[in-house]
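Lettering of chains follows the sequences in order, A, B, ..., and the numbering in each one begins at 1.
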Amino acid sequence: MDFSDFLPADTPIAQLIEEFHKLPGIGPKSAQRLAYYLIRMPPEDAKGLADAIIAAKDKIIFCSICQNITEGDPCSICVNRTRDQKIICVVEEPLDVLAIEKVHVFKGLYHVLHGVISPMNGIGPENIKIKELLTRLKLDTVEEIILATNPNLEGEATSMYIHRLLSNIGIRITKLARGLPIGSDLEYADDMTLSKALEGRQDF
Amino acid sequence: MSMINSRFYRTEAIVLKYVPIGDADRVLTCFTPEIGKFQAVARGARKTKSKLGGHVEILNCVRLSIAKGKNLDVVTQADSIYGFRRIKEDLSRLSCALYMADLVNNFSVAQLPNVAIYKLLRDSLIHLNSQSGYSLLLRYFETKLLFHSGSQPELFNCINCQTKLTPNNHLFAVHLGGILCPDCRVSSSSNNIFVSLGSLNILRHLQRDNYSEIENFQVSKEHSTETENILRKYINYLLEREIKSVAFMKLVTVES
(Lines give C-alpha, C1' and ligand atoms only; values in the text may rest on other atoms or scores of the structure.)
Protein backbone atom coordinates (compact mmCIF):
# COMPACT_ATOMS: atom_id res chain seq x y z
CA MET A 1 0.00 0.00 0.00
CA ASP A 2 1.35 3.41 -0.90
CA PHE A 3 1.99 5.73 1.98
CA SER A 4 0.84 8.74 -0.06
CA ASP A 5 -2.71 7.34 0.01
CA PHE A 6 -2.98 8.59 3.57
CA LEU A 7 -0.61 11.55 3.56
CA PRO A 8 -0.99 14.51 1.24
CA ALA A 9 2.32 15.22 -0.48
CA ASP A 10 2.60 18.78 0.77
CA THR A 11 2.61 18.02 4.52
CA PRO A 12 6.01 18.51 6.25
CA ILE A 13 6.25 14.83 7.21
CA ALA A 14 5.58 13.66 3.64
CA GLN A 15 8.22 16.09 2.37
CA LEU A 16 10.70 14.83 4.95
CA ILE A 17 10.04 11.21 3.91
CA GLU A 18 10.46 12.21 0.29
CA GLU A 19 13.83 13.91 1.04
CA PHE A 20 15.15 10.87 2.92
CA HIS A 21 14.02 8.63 0.10
CA LYS A 22 16.37 10.51 -2.26
CA LEU A 23 19.43 9.36 -0.24
CA PRO A 24 21.40 6.32 -1.48
CA GLY A 25 20.37 3.03 0.11
CA ILE A 26 17.22 4.49 1.71
CA GLY A 27 14.04 2.81 0.56
CA PRO A 28 10.50 4.02 1.27
CA LYS A 29 10.22 2.11 4.58
CA SER A 30 13.58 3.32 5.90
CA ALA A 31 12.65 6.86 4.86
CA GLN A 32 9.43 6.65 6.89
CA ARG A 33 11.27 5.22 9.89
CA LEU A 34 13.91 7.96 9.82
CA ALA A 35 11.32 10.70 9.39
CA TYR A 36 9.25 9.50 12.36
CA TYR A 37 12.40 9.06 14.45
CA LEU A 38 13.37 12.66 13.72
CA ILE A 39 9.95 13.90 14.78
CA ARG A 40 10.31 12.21 18.15
CA MET A 41 13.86 13.58 18.62
CA PRO A 42 14.48 16.44 21.09
CA PRO A 43 14.22 19.72 19.12
CA GLU A 44 17.88 20.64 19.80
CA ASP A 45 19.13 17.34 18.37
CA ALA A 46 17.02 17.74 15.24
CA LYS A 47 18.28 21.31 14.85
CA GLY A 48 21.86 20.10 15.35
CA LEU A 49 21.42 17.67 12.45
CA ALA A 50 19.89 20.35 10.23
CA ASP A 51 22.71 22.77 11.07
CA ALA A 52 25.37 20.13 10.39
CA ILE A 53 23.89 19.44 6.95
CA ILE A 54 23.76 23.15 6.08
CA ALA A 55 27.27 23.81 7.43
CA ALA A 56 28.68 20.88 5.46
CA LYS A 57 27.03 22.06 2.27
CA ASP A 58 28.11 25.69 2.80
CA LYS A 59 31.67 25.24 3.98
CA ILE A 60 32.91 22.20 2.13
CA ILE A 61 34.31 22.88 -1.30
CA PHE A 62 36.48 21.05 -3.80
CA CYS A 63 40.24 21.73 -3.69
CA SER A 64 41.13 23.47 -6.94
CA ILE A 65 44.31 21.38 -7.23
CA CYS A 66 43.47 17.81 -6.18
CA GLN A 67 39.62 18.03 -6.28
CA ASN A 68 39.39 16.51 -2.80
CA ILE A 69 36.71 17.89 -0.49
CA THR A 70 38.10 20.53 1.83
CA GLU A 71 37.15 23.54 3.91
CA GLY A 72 39.93 25.75 2.56
CA ASP A 73 41.33 25.96 -0.95
CA PRO A 74 43.93 24.53 -1.61
CA CYS A 75 43.43 21.66 0.82
CA SER A 76 45.77 20.85 3.71
CA ILE A 77 47.53 18.09 1.74
CA CYS A 78 48.20 20.25 -1.33
CA VAL A 79 49.65 23.15 0.73
CA ASN A 80 51.85 20.89 2.83
CA ARG A 81 55.35 21.49 1.36
CA THR A 82 56.87 18.59 3.30
CA ARG A 83 54.98 16.16 1.07
CA ASP A 84 56.53 14.91 -2.13
CA GLN A 85 55.17 17.23 -4.82
CA LYS A 86 56.42 15.00 -7.62
CA ILE A 87 54.15 12.00 -7.00
CA ILE A 88 50.40 12.07 -7.53
CA CYS A 89 48.18 9.22 -6.42
CA VAL A 90 44.96 9.10 -8.45
CA VAL A 91 41.95 7.78 -6.50
CA GLU A 92 38.24 7.42 -7.17
CA GLU A 93 36.67 9.03 -4.11
CA PRO A 94 37.62 11.30 -1.16
CA LEU A 95 37.16 8.26 1.13
CA ASP A 96 40.04 6.55 -0.68
CA VAL A 97 42.32 9.45 0.33
CA LEU A 98 41.36 8.82 3.95
CA ALA A 99 42.06 5.10 3.59
CA ILE A 100 45.54 5.70 2.15
CA GLU A 101 46.35 8.48 4.62
CA LYS A 102 45.51 6.15 7.50
CA VAL A 103 48.38 3.87 6.48
CA HIS A 104 51.01 6.69 6.82
CA VAL A 105 53.12 5.24 4.00
CA PHE A 106 52.35 7.53 1.10
CA LYS A 107 53.85 11.01 1.31
CA GLY A 108 52.93 12.40 -2.07
CA LEU A 109 49.87 14.29 -3.32
CA TYR A 110 46.46 13.05 -4.48
CA HIS A 111 44.04 13.56 -7.29
CA VAL A 112 40.40 12.63 -6.69
CA LEU A 113 38.41 11.63 -9.77
CA HIS A 114 34.99 11.67 -8.07
CA GLY A 115 33.81 8.56 -9.84
CA VAL A 116 34.86 6.01 -12.40
CA ILE A 117 34.19 5.47 -16.06
CA SER A 118 31.05 3.33 -16.20
CA PRO A 119 30.03 2.92 -19.84
CA MET A 120 26.82 0.99 -19.09
CA ASN A 121 25.62 3.77 -16.82
CA GLY A 122 26.56 6.43 -19.36
CA ILE A 123 29.43 7.78 -17.25
CA GLY A 124 32.30 8.61 -19.58
CA PRO A 125 35.72 10.25 -19.05
CA GLU A 126 34.15 13.68 -19.45
CA ASN A 127 31.96 13.10 -16.37
CA ILE A 128 34.83 12.60 -13.92
CA LYS A 129 37.82 14.81 -13.05
CA ILE A 130 40.26 13.54 -15.68
CA LYS A 131 40.47 16.87 -17.50
CA GLU A 132 41.54 18.54 -14.23
CA LEU A 133 44.33 15.95 -13.85
CA LEU A 134 45.64 16.69 -17.35
CA THR A 135 45.60 20.45 -16.69
CA ARG A 136 47.44 19.88 -13.43
CA LEU A 137 50.14 17.81 -15.14
CA LYS A 138 50.78 20.64 -17.60
CA LEU A 139 51.35 23.14 -14.78
CA ASP A 140 53.30 21.08 -12.23
CA THR A 141 56.48 19.05 -12.48
CA VAL A 142 55.33 15.54 -11.76
CA GLU A 143 57.55 12.47 -12.00
CA GLU A 144 55.16 9.70 -11.12
CA ILE A 145 51.45 9.01 -11.29
CA ILE A 146 50.11 6.17 -9.16
CA LEU A 147 46.82 4.87 -10.46
CA ALA A 148 44.98 3.71 -7.34
CA THR A 149 41.48 3.12 -8.64
CA ASN A 150 39.56 0.16 -7.24
CA PRO A 151 40.72 -3.21 -8.59
CA ASN A 152 37.38 -3.94 -10.24
CA LEU A 153 36.33 -3.74 -13.86
CA GLU A 154 35.28 -0.09 -13.89
CA GLY A 155 38.28 1.00 -11.82
CA GLU A 156 40.64 -0.86 -14.16
CA ALA A 157 38.91 0.65 -17.21
CA THR A 158 39.42 4.11 -15.76
CA SER A 159 43.09 3.40 -15.04
CA MET A 160 43.66 2.01 -18.53
CA TYR A 161 42.02 5.07 -20.06
CA ILE A 162 44.17 7.49 -18.02
CA HIS A 163 47.25 5.41 -18.83
CA ARG A 164 46.43 5.65 -22.52
CA LEU A 165 46.10 9.45 -22.27
CA LEU A 166 49.34 9.89 -20.36
CA SER A 167 51.54 7.26 -21.97
CA ASN A 168 53.18 9.74 -24.33
CA ILE A 169 54.09 12.52 -21.93
CA GLY A 170 57.09 10.88 -20.31
CA ILE A 171 55.82 10.55 -16.76
CA ARG A 172 56.30 7.28 -14.90
CA ILE A 173 52.90 5.65 -14.49
CA THR A 174 52.43 2.95 -11.87
CA LYS A 175 49.49 1.14 -10.35
CA LEU A 176 48.91 -0.50 -7.01
CA ALA A 177 49.97 -4.14 -6.73
CA ARG A 178 47.33 -6.78 -7.34
CA GLY A 179 47.28 -9.97 -5.35
CA LEU A 180 46.10 -11.71 -2.23
CA PRO A 181 44.85 -9.78 0.78
CA ILE A 182 46.58 -10.52 4.08
CA GLY A 183 44.64 -13.02 6.19
CA SER A 184 42.76 -14.56 3.29
CA ASP A 185 42.67 -18.13 1.98
CA LEU A 186 44.32 -19.09 -1.31
CA GLU A 187 41.54 -21.53 -2.16
CA TYR A 188 38.95 -18.77 -2.35
CA ALA A 189 41.00 -16.53 -4.66
CA ASP A 190 39.69 -16.07 -8.20
CA ASP A 191 41.83 -16.86 -11.28
CA MET A 192 42.65 -13.23 -12.03
CA THR A 193 43.84 -12.43 -8.50
CA LEU A 194 45.90 -15.61 -8.27
CA SER A 195 47.57 -15.12 -11.64
CA LYS A 196 48.37 -11.48 -10.80
CA ALA A 197 49.75 -12.60 -7.44
CA LEU A 198 52.01 -15.13 -9.16
CA GLU A 199 53.20 -12.60 -11.73
CA GLY A 200 53.92 -10.03 -9.05
CA ARG A 201 55.83 -12.39 -6.75
CA GLN A 202 58.87 -10.97 -5.03
CA ASP A 203 62.20 -12.31 -3.80
CA PHE A 204 62.09 -13.32 -0.20
CA MET B 1 19.85 -25.07 -13.16
CA SER B 2 20.12 -27.75 -10.55
CA MET B 3 17.93 -27.58 -7.49
CA ILE B 4 19.53 -28.81 -4.29
CA ASN B 5 16.34 -28.21 -2.40
CA SER B 6 13.64 -25.62 -2.76
CA ARG B 7 15.64 -22.92 -1.00
CA PHE B 8 18.90 -23.34 -2.88
CA TYR B 9 19.81 -23.65 -6.52
CA ARG B 10 22.90 -23.61 -8.71
CA THR B 11 23.32 -21.99 -12.09
CA GLU B 12 25.89 -20.80 -14.58
CA ALA B 13 25.74 -17.06 -15.20
CA ILE B 14 27.41 -14.09 -16.84
CA VAL B 15 27.51 -10.98 -14.69
CA LEU B 16 26.16 -8.09 -16.78
CA LYS B 17 26.48 -5.32 -14.23
CA TYR B 18 26.28 -4.55 -10.54
CA VAL B 19 25.44 -1.70 -8.24
CA PRO B 20 26.83 -1.19 -4.75
CA ILE B 21 24.33 -1.53 -1.94
CA GLY B 22 24.74 -1.16 1.80
CA ASP B 23 28.21 -1.04 3.31
CA ALA B 24 29.98 -3.74 1.33
CA ASP B 25 27.38 -5.57 -0.77
CA ARG B 26 26.61 -5.62 -4.45
CA VAL B 27 23.40 -6.29 -6.32
CA LEU B 28 24.40 -8.27 -9.39
CA THR B 29 22.46 -8.35 -12.62
CA CYS B 30 23.21 -11.78 -14.05
CA PHE B 31 22.23 -13.49 -17.25
CA THR B 32 21.72 -17.23 -17.01
CA PRO B 33 20.65 -19.93 -19.45
CA GLU B 34 17.83 -21.23 -17.27
CA ILE B 35 16.29 -18.19 -15.62
CA GLY B 36 17.33 -15.44 -18.01
CA LYS B 37 18.16 -12.09 -16.46
CA PHE B 38 17.84 -11.87 -12.71
CA GLN B 39 19.24 -9.96 -9.75
CA ALA B 40 20.95 -11.38 -6.69
CA VAL B 41 22.87 -9.91 -3.76
CA ALA B 42 26.53 -10.74 -3.28
CA ARG B 43 27.04 -9.95 0.38
CA GLY B 44 30.39 -8.49 1.35
CA ALA B 45 31.60 -8.57 -2.28
CA ARG B 46 33.29 -5.17 -1.95
CA LYS B 47 35.46 -6.22 0.99
CA THR B 48 39.08 -7.02 0.16
CA LYS B 49 38.81 -10.43 1.81
CA SER B 50 35.53 -11.37 0.18
CA LYS B 51 35.51 -14.87 -1.27
CA LEU B 52 32.90 -13.70 -3.80
CA GLY B 53 34.34 -10.35 -4.92
CA GLY B 54 36.83 -11.47 -7.56
CA HIS B 55 34.49 -14.09 -8.99
CA VAL B 56 31.38 -11.96 -9.41
CA GLU B 57 33.12 -9.29 -11.48
CA ILE B 58 31.33 -7.79 -14.49
CA LEU B 59 31.65 -9.97 -17.64
CA ASN B 60 32.80 -13.00 -15.66
CA CYS B 61 31.20 -16.31 -16.54
CA VAL B 62 30.59 -17.94 -13.15
CA ARG B 63 29.02 -20.91 -11.46
CA LEU B 64 26.73 -19.56 -8.75
CA SER B 65 25.10 -21.17 -5.75
CA ILE B 66 22.12 -19.13 -4.72
CA ALA B 67 19.78 -19.09 -1.76
CA LYS B 68 16.28 -17.80 -2.32
CA GLY B 69 15.67 -14.62 -0.35
CA LYS B 70 12.59 -12.72 0.70
CA ASN B 71 13.14 -9.94 -1.84
CA LEU B 72 16.35 -10.67 -3.68
CA ASP B 73 18.12 -14.00 -3.89
CA VAL B 74 21.51 -14.24 -2.21
CA VAL B 75 24.71 -15.56 -3.79
CA THR B 76 26.25 -18.05 -1.37
CA GLN B 77 29.12 -19.34 -3.52
CA ALA B 78 30.73 -18.23 -6.77
CA ASP B 79 33.39 -19.85 -8.87
CA SER B 80 34.59 -18.34 -12.15
CA ILE B 81 34.56 -20.45 -15.31
CA TYR B 82 35.91 -17.78 -17.67
CA GLY B 83 37.61 -14.63 -16.41
CA PHE B 84 38.29 -13.19 -19.90
CA ARG B 85 41.62 -11.77 -18.88
CA ARG B 86 42.65 -10.51 -22.32
CA ILE B 87 39.40 -8.58 -22.63
CA LYS B 88 39.93 -6.94 -19.28
CA GLU B 89 43.49 -5.93 -20.03
CA ASP B 90 42.72 -4.19 -23.30
CA LEU B 91 40.58 -1.07 -23.18
CA SER B 92 39.24 -1.42 -26.74
CA ARG B 93 38.14 -5.03 -26.26
CA LEU B 94 36.74 -4.23 -22.84
CA SER B 95 34.56 -1.46 -24.27
CA CYS B 96 33.24 -3.91 -26.91
CA ALA B 97 32.50 -6.56 -24.28
CA LEU B 98 30.65 -4.03 -22.14
CA TYR B 99 28.65 -3.04 -25.19
CA MET B 100 27.63 -6.69 -25.72
CA ALA B 101 26.62 -7.01 -22.07
CA ASP B 102 24.73 -3.73 -22.32
CA LEU B 103 22.85 -4.96 -25.40
CA VAL B 104 21.87 -8.22 -23.68
CA ASN B 105 20.77 -6.26 -20.63
CA ASN B 106 18.61 -4.02 -22.81
CA PHE B 107 17.12 -6.77 -24.96
CA SER B 108 16.36 -9.24 -22.18
CA VAL B 109 13.34 -9.28 -19.93
CA ALA B 110 13.79 -10.29 -16.29
CA GLN B 111 13.19 -13.98 -15.51
CA LEU B 112 12.62 -14.90 -19.15
CA PRO B 113 15.10 -17.61 -20.13
CA ASN B 114 16.77 -17.52 -23.53
CA VAL B 115 19.49 -20.16 -23.82
CA ALA B 116 20.43 -19.07 -27.34
CA ILE B 117 21.22 -15.50 -26.22
CA TYR B 118 23.21 -16.83 -23.27
CA LYS B 119 25.31 -19.02 -25.54
CA LEU B 120 25.72 -16.18 -28.02
CA LEU B 121 27.03 -13.84 -25.32
CA ARG B 122 29.33 -16.47 -23.80
CA ASP B 123 30.76 -17.60 -27.15
CA SER B 124 31.17 -14.02 -28.39
CA LEU B 125 33.11 -13.13 -25.25
CA ILE B 126 35.30 -16.19 -25.77
CA HIS B 127 35.98 -15.10 -29.37
CA LEU B 128 36.65 -11.51 -28.30
CA ASN B 129 39.07 -12.79 -25.68
CA SER B 130 41.09 -14.79 -28.17
CA GLN B 131 41.12 -12.92 -31.49
CA SER B 132 42.45 -9.55 -32.59
CA GLY B 133 39.72 -7.88 -34.68
CA TYR B 134 36.30 -7.18 -33.27
CA SER B 135 34.10 -5.12 -35.60
CA LEU B 136 32.80 -8.14 -37.55
CA LEU B 137 32.24 -10.01 -34.28
CA LEU B 138 30.19 -7.10 -32.95
CA ARG B 139 28.06 -7.03 -36.12
CA TYR B 140 27.60 -10.82 -35.87
CA PHE B 141 26.61 -10.46 -32.24
CA GLU B 142 24.08 -7.72 -33.01
CA THR B 143 22.56 -9.68 -35.91
CA LYS B 144 22.18 -12.91 -33.95
CA LEU B 145 20.88 -11.08 -30.89
CA LEU B 146 18.19 -9.52 -33.09
CA PHE B 147 17.35 -12.97 -34.43
CA HIS B 148 17.12 -14.62 -31.00
CA SER B 149 15.06 -11.70 -29.68
CA GLY B 150 12.55 -12.08 -32.50
CA SER B 151 13.44 -8.85 -34.29
CA GLN B 152 15.46 -10.14 -37.22
CA PRO B 153 15.33 -7.65 -40.12
CA GLU B 154 14.07 -8.85 -43.52
CA LEU B 155 16.97 -8.74 -45.97
CA PHE B 156 15.92 -11.05 -48.77
CA ASN B 157 12.43 -9.92 -49.76
CA CYS B 158 10.84 -6.48 -49.79
CA ILE B 159 9.43 -5.83 -46.33
CA ASN B 160 6.34 -4.26 -47.87
CA CYS B 161 5.35 -6.31 -50.94
CA GLN B 162 7.38 -9.48 -50.20
CA THR B 163 8.88 -9.62 -53.73
CA LYS B 164 12.38 -11.03 -53.96
CA LEU B 165 14.99 -8.27 -53.98
CA THR B 166 17.15 -7.77 -57.06
CA PRO B 167 20.95 -7.55 -56.57
CA ASN B 168 21.17 -3.77 -56.26
CA ASN B 169 21.64 -0.92 -53.86
CA HIS B 170 18.55 -0.58 -51.65
CA LEU B 171 16.97 1.30 -48.78
CA PHE B 172 16.68 -0.16 -45.29
CA ALA B 173 13.46 0.99 -43.62
CA VAL B 174 14.29 1.17 -39.92
CA HIS B 175 10.66 1.57 -38.79
CA LEU B 176 9.55 -1.50 -40.80
CA GLY B 177 12.60 -3.63 -40.05
CA GLY B 178 13.70 -4.56 -43.54
CA ILE B 179 14.63 -3.62 -47.06
CA LEU B 180 12.21 -1.82 -49.37
CA CYS B 181 12.16 -2.65 -53.09
CA PRO B 182 12.34 0.27 -55.56
CA ASP B 183 8.55 0.11 -56.13
CA CYS B 184 7.70 0.43 -52.45
CA ARG B 185 10.12 3.22 -51.58
CA VAL B 186 8.69 6.32 -50.02
CA SER B 187 11.27 8.94 -50.72
CA SER B 188 12.42 11.49 -48.13
CA SER B 189 11.49 9.34 -45.14
CA SER B 190 14.03 9.89 -42.38
CA ASN B 191 13.60 6.24 -41.42
CA ASN B 192 15.20 4.98 -44.61
CA ILE B 193 18.95 4.33 -44.74
CA PHE B 194 20.90 3.67 -47.91
CA VAL B 195 22.37 0.18 -48.04
CA SER B 196 24.82 -0.74 -50.75
CA LEU B 197 24.78 -4.20 -52.34
CA GLY B 198 28.10 -5.02 -50.68
CA SER B 199 26.81 -4.19 -47.19
CA LEU B 200 23.56 -6.00 -47.84
CA ASN B 201 25.50 -9.14 -48.72
CA ILE B 202 27.53 -8.85 -45.51
CA LEU B 203 24.34 -8.43 -43.48
CA ARG B 204 22.85 -11.49 -45.17
CA HIS B 205 25.92 -13.59 -44.38
CA LEU B 206 25.84 -12.41 -40.77
CA GLN B 207 22.22 -13.48 -40.58
CA ARG B 208 22.58 -16.87 -42.28
CA ASP B 209 26.02 -18.15 -41.31
CA ASN B 210 27.77 -19.29 -38.20
CA TYR B 211 30.67 -17.26 -36.88
CA SER B 212 33.24 -19.84 -37.98
CA GLU B 213 32.09 -19.35 -41.59
CA ILE B 214 32.52 -15.58 -41.63
CA GLU B 215 35.30 -14.81 -39.16
CA ASN B 216 37.91 -14.54 -41.89
CA PHE B 217 35.89 -12.20 -44.10
CA GLN B 218 37.77 -9.13 -45.27
CA VAL B 219 35.33 -6.23 -44.98
CA SER B 220 36.19 -2.79 -46.36
CA LYS B 221 36.10 0.20 -44.03
CA GLU B 222 33.21 1.63 -46.01
CA HIS B 223 31.05 -1.49 -45.69
CA SER B 224 32.02 -1.93 -42.08
CA THR B 225 30.82 1.60 -41.23
CA GLU B 226 27.66 1.15 -43.28
CA THR B 227 26.61 -2.15 -41.64
CA GLU B 228 27.43 -0.74 -38.19
CA ASN B 229 25.30 2.31 -38.89
CA ILE B 230 22.31 0.30 -40.14
CA LEU B 231 22.33 -2.14 -37.24
CA ARG B 232 22.84 0.61 -34.65
CA LYS B 233 19.96 2.67 -35.99
CA TYR B 234 17.69 -0.36 -36.11
CA ILE B 235 18.62 -1.37 -32.55
CA ASN B 236 18.08 2.17 -31.27
CA TYR B 237 14.70 2.21 -33.01
CA LEU B 238 13.66 -1.09 -31.42
CA LEU B 239 14.80 -0.10 -27.93
CA GLU B 240 13.56 3.48 -28.31
CA ARG B 241 16.80 4.71 -26.80
CA GLU B 242 20.51 4.85 -27.44
CA ILE B 243 22.74 2.21 -25.89
CA LYS B 244 24.77 4.08 -23.28
CA SER B 245 28.01 2.15 -23.68
CA VAL B 246 28.31 3.04 -27.38
CA ALA B 247 29.83 6.46 -26.64
CA PHE B 248 32.73 4.98 -24.68
CA MET B 249 33.26 2.23 -27.23
CA LYS B 250 33.52 4.81 -30.02
CA LEU B 251 35.96 6.83 -27.93
CA VAL B 252 38.43 4.05 -27.24
CA THR B 253 38.20 1.52 -30.06
CA VAL B 254 41.12 1.64 -32.40
CA GLU B 255 41.01 -1.43 -34.58
CA SER B 256 44.42 -2.97 -34.92
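To the nearest 0.5 Å, atom CD1 of residue B/I87 and atom CE of residue B/M100 are 7.0 Å apart. In this structure, B/L138 CG and B/L231 CG are separated by 10.5 Å, a value rounded to the nearest 0.5 Å. If you take CD1 on A/I69 and CG on A/L95, they are separated by 7.5 Å, rounding to the nearest 0.5 Å. A/R136 CZ to A/S64 OG: the interatomic distance, rounded to the nearest 0.5 Å, is 9.5 Å.
Salt bridge B/E57/B/K88: absent, no basic N to carboxylate O contact under 4.0 Å.
In terms of heavy-atom pairs under 4.5 Å with chain B, the best-connected choice from A/S184, A/P181, A/P151, A/A189 is A/P181. Contact tally against chain A (heavy-atom pairs below 4.5 Å) for B/G53, B/S80, B/S50: the top residue is B/S80. Ranked by heavy-atom pairs under 4.5 Å with chain A, the first of B/I58, B/T48, B/L91 is B/L91.
For B/A78, no part lies near chain A; criterion is any non-hydrogen pair under 4.5 Å. Heavy atoms of B/E242 lying under 4.5 Å from chain A are absent altogether. Heavy atoms closer than 4.5 Å to chain A are found nowhere in B/L52, neither backbone nor side chain.
Below 30°, between 30° and 60°, or above 60°: for B/F84 and B/Y82 the angle between ring planes is below 30°, a parallel geometry.
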Donor-acceptor pairs are to be reported for all side-chain atoms of residues 114-126 of chain A against protein atoms at under 3.5 Å, with residues two or more places apart or in another chain.
unit_1, atom_1, unit_2, atom_2, d
A/H114, NE2, A/Q67, O, 2.4
A/S118, OG, A/N121, ND2, 2.8
A/S118, OG, A/E154, OE2, 2.9

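For the pair B/K144 and B/Y211, the NZ or CZ position fails the cation-pi test of under 6.0 Å to the six-membered ring centre and within 45 degrees of the ring normal.
Between the B/K37 side chain and the B/N105 main chain, a donor and an acceptor come within less than 3.5 Å of each other.
Scanning residues 194-204 of chain A against chain B with a 4.5 Å heavy-atom cutoff picks out A/S195, A/K196, A/E199, ordered by number.
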